[in-house]
Amino acid sequence: MEKKNVYDILKERGFIQQVTHEEEVRELLGREPVTFYIGFDPTADSLHVGHFLQMMVMAHMQRAGHKPIALLGGGTTMVGDPSGRTDMRKMLTLEEIQSNAEKFKVQFEKFIDFNDGKAIMDNNANWLLKLNYVDFLREIGVHFSVNRMLTAECYKNRMEKGLTFIEFNYMLMQAYDFLELYRRYGCRLQLGGDDQWSNIIAGADLIRRVESEPAYGMTFTLLTTSDGKKMGKSQAGAVWLDPNKTSPYDFYQYWRNVDDADVEKCLALLTFLPMEEVRRLGSLPGNEINEAKKVLAFEVTKLVHGEEEAVKAREAAEALFGGGGNLDMVPSTEIDKQQLGDGMNVIDLAVLTGLVPSKGEGRRLITQGGLTINDAKVDSIDRIITLDDFKDGALMMKKGKKTYHRVVIK
RNA sequence: GGGGAAAUUCCCGAGUGGCCAAAGGGGGCAGACUGUAAAUCUGUUGUCUCAGACUUCGGUGGUUCGAAUCCACCUUUCCCCA
C-alpha cells in the first residue's frame, strides 16, 4: 500500500484550518522531507492540552518523515502576543520566562523524538534578545505595511480595547523567527493554532520578499467544544500536562467527561487511533458513547502520562464509578490519628483535604445535600468524623456526583 | 502637550452618602432528571466562631456620625484635539 500523504491524514483527522498554498503544500509534503516549525511561548510553567494538540501535529509530521523544530519563545514572550486576547498580557520577567522554558523543554522531550537530528529544539531568545533596534527596523521593518497590519484579524478586537506598541511588534518578531529558522535550518513551513494565522502569513511573506524563496504556513483547529468554548479548561483552570499540576486521574476524568458531541473530534485530534475506529466510536448511539469516552480518556492519558499511569487512572475511575478495584490513584489525603483526635468536624476535614476551598462552601455543600461519606449523605454540618468512620484505615468523601477524595489514616 | 471619560466581587455590568457583601447576566458549585453526556428546572455563589462579626468596590490620604458613592493626589486605560 502506498504511503499516505501526511497532509491528507491531517485533513482527514480535522486538524487543518487554513493553508497558505493548499496544493503546493500538499505536494511538497508528499514529495520530500520538510523542515517545519511550531512556536511555543512559555507563558506558564507547564504545557497544556492546547499545546498537546500542536504536538500531535508534530508527531504526525515526524512519522511521515518530516523534521519538526520546536521553537521556544523565550524572546517573543518578552513582548507578548496580542492575538486572540482582549486584554494585555501580563508582563513576565526574563527569569520567569527562562524558568518556564526549561519546564517546556522537559515536556517536549516526552512527545517528540529529538534523537539523531530527527527534530530540533531552539529558542528565539538566542537571536531576538540581542537584536539591534535600528538594524532590525531597516532590515525587517521596511517590509511591513502598517496599513495592512491594522487590518489583520488578530488586531481587530484590540483596536477597540487598546493595543500598545510593544504588542503591535509581536507580529514582526514572529515573522523574523520564521526567516531566521529558514536561514538556519532551511525551514519553509510554519504551523500553529488558528489564532496564529496572521503571524504565520506575515513570516511566510517576509521570507518570500527577503529571500525570494517560497515559504508556507498552515493553521490547525483550536481545541474548542461544539458550542465554541475553549476546551482544556476545567473548573480548576487549565488542564495541564504536568502531573503535578493536573494529576493523571484528573486528566483522565477530564476526557472521560467530554460532551458527546466532542468525542469524535477529540479522538481524531488527540489519539492515533485509525480513523475507521474513530468514526465507529464517535457514532455509537446513546449510552454506548460512554465506551468511546473511556477509550478517549485512556488513549490521551497514555500519550501524555504513559501507559502505566493511564491504567492506574482507569482502574481508579472504574473502582469509584463501578465498584471494587484499585483505589491507589484516587486523589487522597493522609491524616494521622492525633490530627483526628476524638473526632473532627466534617467541614474541617473537607477543607483540610482541599475538597472544598472554604468552610462557608463546605456548609453550603452539606446544606444542599452534596456531600457523601462512605456512601451515606452527610445531613448535618455538625457531623463529627471519628475513627469509626474509617474502614481499613480509609474513608471516602464524595462531593456532588463525581468528585471523590479519599482520606487515609497514616 | 490640551480636553473628556473610566477603573466595582471569577468575568461582563448596575449602583452617585446610610435600605450595599453590593441589581442583572455569564461562569462556577450543588439538587432533580440522566448515561460519570447535553438540554431543562431549582437552589446557591466574600470570609469567619454565621444569632452575629469581619474584610471587599484601582492605590494613598482626607471630609462625614456614616463612603463603592464626596474631595485631593497617584496609578492605569479609553476617546477627542495637537
Side-chain angles (χ1 to χ4, degrees), chain A residues 80 82 84-91 155 157-168 224-239 249-267 281-298 300-301 313-323 325 327 329-331 344-348 350-352 354-373 375 377-382 384 396-405:
Chain A
R85 296 180 68 93
T86 52
D87 55 337
M88 189 158 118
R89 232 170 236 287
K90 188 177 152 249
M91 283 267 220
Y155 294 127
N157 53 18
R158 295 301 298 274
M159 290 310 289
E160 289 154 28
K161 297 288 269 179
L163 177 71
T164 56
F165 189 65
I166 182 173
E167 295 174 283
F168 189 59
T224 52
T225 59
S226 52
D227 48 354
K229 276 181 261 166
K230 249 189 199 162
M231 240 171 124
K233 296 278 180 194
S234 69
Q235 60 276 29
V239 177
Y249 171 80
D250 287 330
F251 188 86
Y252 179 94
Q253 280 299 311
Y254 180 82
W255 301 108
R256 177 63 187 79
N257 283 301
V258 297
D259 290 5
D260 289 7
D262 298 320
V263 175
E264 187 167 323
K265 177 177 178 176
C266 289
L267 282 165
L281 288 167
S283 58
L284 288 173
N287 192 1
E288 290 174 43
I289 192 98
N290 280 314
E291 287 313 309
K293 294 186 189 180
K294 285 180 192 167
V295 173
L296 171 67
F298 182 74
V300 181
T301 308
R314 182 173 63 189
E315 282 176 0
E318 279 169 5
L320 291 173
F321 293 96
L327 290 168
M329 282 282 282
V330 177
M344 186 184 220
N345 181 278
V346 238
I347 295 174
D348 291 327
V351 171
L352 185 77
L355 195 60
V356 294
S358 70
K359 293 191 182 185
E361 185 138 344
R363 261 182 228 109
R364 219 173 287 137
L365 181 70
I366 292 171
T367 311
Q368 298 190 128
L371 185 68
T372 307
I373 299 248
D375 289 326
K377 188 178 280 185
V378 176
D379 46 20
S380 161
I381 59 170
D382 298 319
I384 301 297
M396 184 63 76
M397 296 180 101
K398 180 167 73 150
K399 178 181 130 191
K401 270 165 255 172
K402 44 194 180 193
T403 312
Y404 289 87
H405 197 102

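Each chain gets a letter, A, B and so on, in the order its sequence line appears, and its residues count up from 1.
- Remark: the separation of the C1' atoms in U16(B) and G31(B) is 40 Å, to the nearest Å.
- Classification of the F168(A)-F165(A) ring pair by plane angle, with boundaries at 30° and 60°, yields tilted.
- If you measure from atom CZ of R256(A) to atom P of A38(B), you get 11 Å, rounded to the nearest angstrom.
- Side chains of S358(A) and E361(A): no donor on one and acceptor on the other come within 3.5 Å.
- Between G62(B) and U56(B), the two P atoms lie 15 Å apart (nearest whole Å).
- Looking at heavy atoms from C-beta onward, T403(A) lies out of side-chain contact with Q253(A) at the 4.5 angstrom threshold.
- The shortest side-chain heavy-atom distance between W255(A) and V258(A) falls under the 4.5 Å cut-off.
- Under the Watson-Crick and G-U wobble criteria, each requiring two contacts below 3.5 Å, nucleotide G18(B) is paired to C65(B).
- Between K402(A) and the phosphate of A37(B), there is a side-chain N or O to OP1/OP2 separation shorter than 4.0 Å.
- Considering only side-chain N and O atoms, K377(A) lies nowhere under 4.0 angstrom from the phosphate OP1 or OP2 of G31(B).
- If you measure from atom CG of D348(A) to atom P of C48(B), you get 10 Å, rounded to the nearest angstrom.
- Closest to the K401(A) side chain, of the nucleotides G35(B), C48(B), C33(B), is C33(B).
- A donor N or O paired with an acceptor N or O is not found under 3.5 Å between the base of G31(B) and the side-chain atoms of Q368(A).
- A21(B) and C54(B) have their P atoms separated by 12 Å, given to the nearest Å.
- Across A22(B) and A51(B), the matching P atoms stand 15 Å from one another, rounded to whole Å.
- The only member of F251(A), Y254(A), Y249(A) that meets side chain to side chain contact (heavy atoms under 4.5 Å, CB included) when paired with T301(A) is F251(A).
- Atom-to-atom, CG of N257(A) to P of A38(B) comes out at 8 Å; the value is rounded to the nearest Å.
- The partner of G52(B) is C48(B), judged by Watson-Crick or G-U wobble contacts that both fall below 3.5 Å.
- Rounded to whole angstrom, the span from the CH2 atom of W255(A) across to the P atom of A37(B) amounts to 17 Å.
- Whole-Å rounding puts the L163(A) CG to C79(B) C1' distance at 16 Å.
- Not one side-chain nitrogen or oxygen of R364(A) sits closer than 4.0 Å to the OP1 or OP2 atom of G46(B).
- Figure legend. G35(B) is base-paired to no nucleotide; pairs are counted as Watson-Crick or G-U wobble with both atom distances under 3.5 Å.
- Rounded to the nearest Å, the gap between the P atom of C78(B) and that of U69(B) is 24 Å.
- The CD atom of E361(A) sits 22 Å away from the P atom of A21(B) (whole-angstrom rounding).
- Checking U36(B), G35(B), A30(B) against every side-chain atom of L365(A), the shortest atom distance belongs to A30(B).
- Between the side chain of K293(A) and the backbone N or O of V263(A) there is no donor-acceptor pair closer than 3.5 Å.
- Only the P atoms considered, U9(B) is 16 Å distant from G15(B), to the nearest whole Å.
- Across all strands shown, C29(B) forms a Watson-Crick or G-U wobble pair with G43(B), both key distances being under 3.5 Å.
- Using a 3.5 Å distance cut-off with no hydrogens or angles, the side chains of N345(A) and K359(A) do not pair a donor with an acceptor.
- Nucleic acid contact for K293(A): base, since at least one base atom lies under 4.0 Å from a heavy atom of the residue.
- Nearest to the side chain of D259(A), among U36(B), C48(B), A38(B), sits A38(B).
- Nearer to the 5' terminus of RNA chain B, by closest-nucleotide assignment, is the contact made by G369(A) (compared with the other of D260(A) and G369(A)).
- Within 4.0 Å (heavy atoms only), L371(A) reaches no atom of the nucleic acid at all.
- Nucleic acid contact for G400(A): sugar-phosphate only, since backbone atoms but no base atoms lie under 4.0 Å from a heavy atom of the residue.
- Under the Watson-Crick and G-U wobble criteria, each requiring two contacts below 3.5 Å, nucleotide C73(B) is paired to G59(B).
- In this entry the distance linking CD of Q253(A) with P of U36(B) reads 11 Å, nearest Å.
- The C1' atoms of A14(B) and C65(B) are separated by 28 Å, rounded to the nearest whole Å.
- The distance between atom OH of Y252(A) and atom C1' of U36(B), rounded to the nearest whole Å, is 10 Å.
- Spacing between U8(B) and C12(B) at atom C1', rounded to whole Å, works out to 11 Å.
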